2 protein chains.
Amino acid sequence: MAEILERQAKKPTPEPAAPEPMFDLIELLFFAYRDFIGDADRLLTRYNFGRAHHRVLYFVERRPGLSVAELLDLLKITKQSLSRVLKDLLDQNYIEQRPGLLDRRQRLMYPTARGKALALELAQLQSRRFARALAGLPEGARAQAASFLAAVRDPAAKDASGDAR
Amino acid sequence: MAEILERQAKKPTPEPAAPEPMFDLIELLFFAYRDFIGDADRLLTRYNFGRAHHRVLYFVERRPGLSVAELLDLLKITKQSLSRVLKDLLDQNYIEQRPGLLDRRQRLMYPTARGKALALELAQLQSRRFARALAGLPEGARAQAASFLAAVRDPAAKDASGDAR
DNA sequence: AAAATATGTCAGCTCTATTGACATATTTCA
DNA sequence: TGAAATATGTCAATAGAGCTGACATATTTT
């Protein structure tokens, strides 16, 4: 008897019925990122650099004086992965390291003039893509896109991303 | 005299003055994609699969009957890159191939029940992230995000992405 | 003085992607 | 019909970017 009631009660919602996946967003994000990153990739090959070099240069330029540990945390990669590309960038004078003033164990990283120039070139290239995209969209599109992308991030990661201090 | 006038006329706009790069969007897209793709990565390692397997499975599930050439064009990778992951998926019975009815040279790909199940699990995982993100955003956010991401893509690529036929 | 921290480096491994060359089956075209 | 084009598969070699684990050095903290 209890069984019947239970079964009846459950019927209307057999299982919490997983909602239809958002295939549109999954696919669009995949394509958008692939094309976005492709712009930079093409330019980087001319310098014999890869994506990893780009990311390091980008963050050092955006957050000059960054420590190695902070950069590792931002990129979420390991020290060993970083070391190869960082070495390239140091050797070829795109980035320079200076000991921390407060803690001399730290190697704080700064972009050189050369590094700044390349970082800017890459950022402008990617911005042109965004500018083209936004040109065909209504007024608040840039702010809306930023809100969406920020919300998609790991909630925890937001505090770690640096410049909010 | 003409020189002076010219110089004066030019002063206000010295160079076309490249606009400030959109660092906000560059960074947000990087982080959003990294976290988004990370969800799937963690699940995939449990199956000994990588991102490449995921992409292939995803598109075969979404566009059953896809030919190898169409898949290569969608993913923008080479035949050789595809072959290894495709072999894994075929061997482990996530995907099956059937000769094309019209053109028997083609190997049209279809997901198996097993493949469908994994593809769905992955899509639901990534959709949960989007759902969480959209929960905190105003009404039209999903449509706006989709418009933005679509506009960021290579304009040329849009026709090639398949399902609009 | 001991412990913890910041960084660097060595060795070895995986996954994803690349290019180039070549083979086979099938379809299309002159 | 015979040649050319197409769809696919496969072999070999290579690169880029990431990983783990182990260990060394300098510096700071306790």
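The structure presented is a predicted model; accordingly, all values stated were derived computationally and were not measured.
- Taking atom CG of residue A/D73 and atom P of nucleotide C/dT7, one finds them 12 Å apart after rounding to whole Å.
- Rounding to whole angstrom units, CD of residue A/Q80 and P of D/dA17 are separated by 16 Å.
- The distance between atom CG of B/L89 and atom C1' of C/dT16, rounded to the nearest whole Å, is 14 Å.
- Aromatic rings from B/F36 and A/Y33 are positioned such that their centres are separated by 6.0 Å or more.
- Looking only at distances, no side-chain donor or acceptor of B/R142 sits under 3.5 Å from a matching main-chain atom of B/F130.
- For B/R107 and D/dT6, the shortest distance from a side-chain N or O to OP1 or OP2 is not below 4.0 Å.
- Each of A/D103 and A/H53 was assigned the nucleotide of DNA chain D with the nearest heavy atom; the assignment lying further toward the 5' end belongs to A/H53.
- Not one side-chain nitrogen or oxygen of A/Q106 sits closer than 4.0 Å to the OP1 or OP2 atom of D/dA26.
- Neither OP1 nor OP2 of C/dA17 sits under 4.0 Å from any side-chain N or O of A/R34.
- With rounding to the nearest 0.5 angstrom, the CG atom of B/L66 is 5.0 Å from the CE atom of B/M109.
- Checking B/Q126 against B/Y58 by side-chain atom types alone, no donor-acceptor pair falls below 3.5 Å.
- Regarding contacts with the backbone of C/dT18, a side-chain N or O of B/T78 is found under 4.0 angstrom from either OP1 or OP2.
- As a whole-Å value, the separation of B/L72 CG from D/dA7 P is 11 Å.
- Using a 4.0 Å heavy-atom distance criterion, B/R51 is classed as a sugar-phosphate-only contact.
- One atom, CG of A/L108, and another, C1' of D/dA26, lie 15 Å apart when rounded to the nearest Å.
- Classified by interplanar angle (parallel below 30°, tilted 30° to 60°, perpendicular above 60°), the ring pair A/F31/B/F59 is tilted.
- Atoms CG (B/L82) and P (D/dT10) sit 11 Å apart, rounded to a whole Å.
- The phosphate of D/dC19 has OP1 or OP2 within less than 4.0 Å of a side-chain N or O from A/S81.
- Regarding A/M109, its CE atom lies at a distance of 10 Å from the C1' atom of C/dT7, rounded to whole Å.
- Residue contacts shown for B/H54 are absent, as no nucleic acid heavy atom lies under 4.0 Å away.
- Atom NZ of B/K87 and atom P of D/dT10 are 7 Å apart (whole Å).
- Interface remark: the B/R105 side chain does form a donor-acceptor pair with the D/dT6 base, using a distance-only criterion of under 3.5 Å.
- Phosphate contact (OP1/OP2 of D/dT28, side-chain N/O of A/R104, threshold under 4.0 Å): present.
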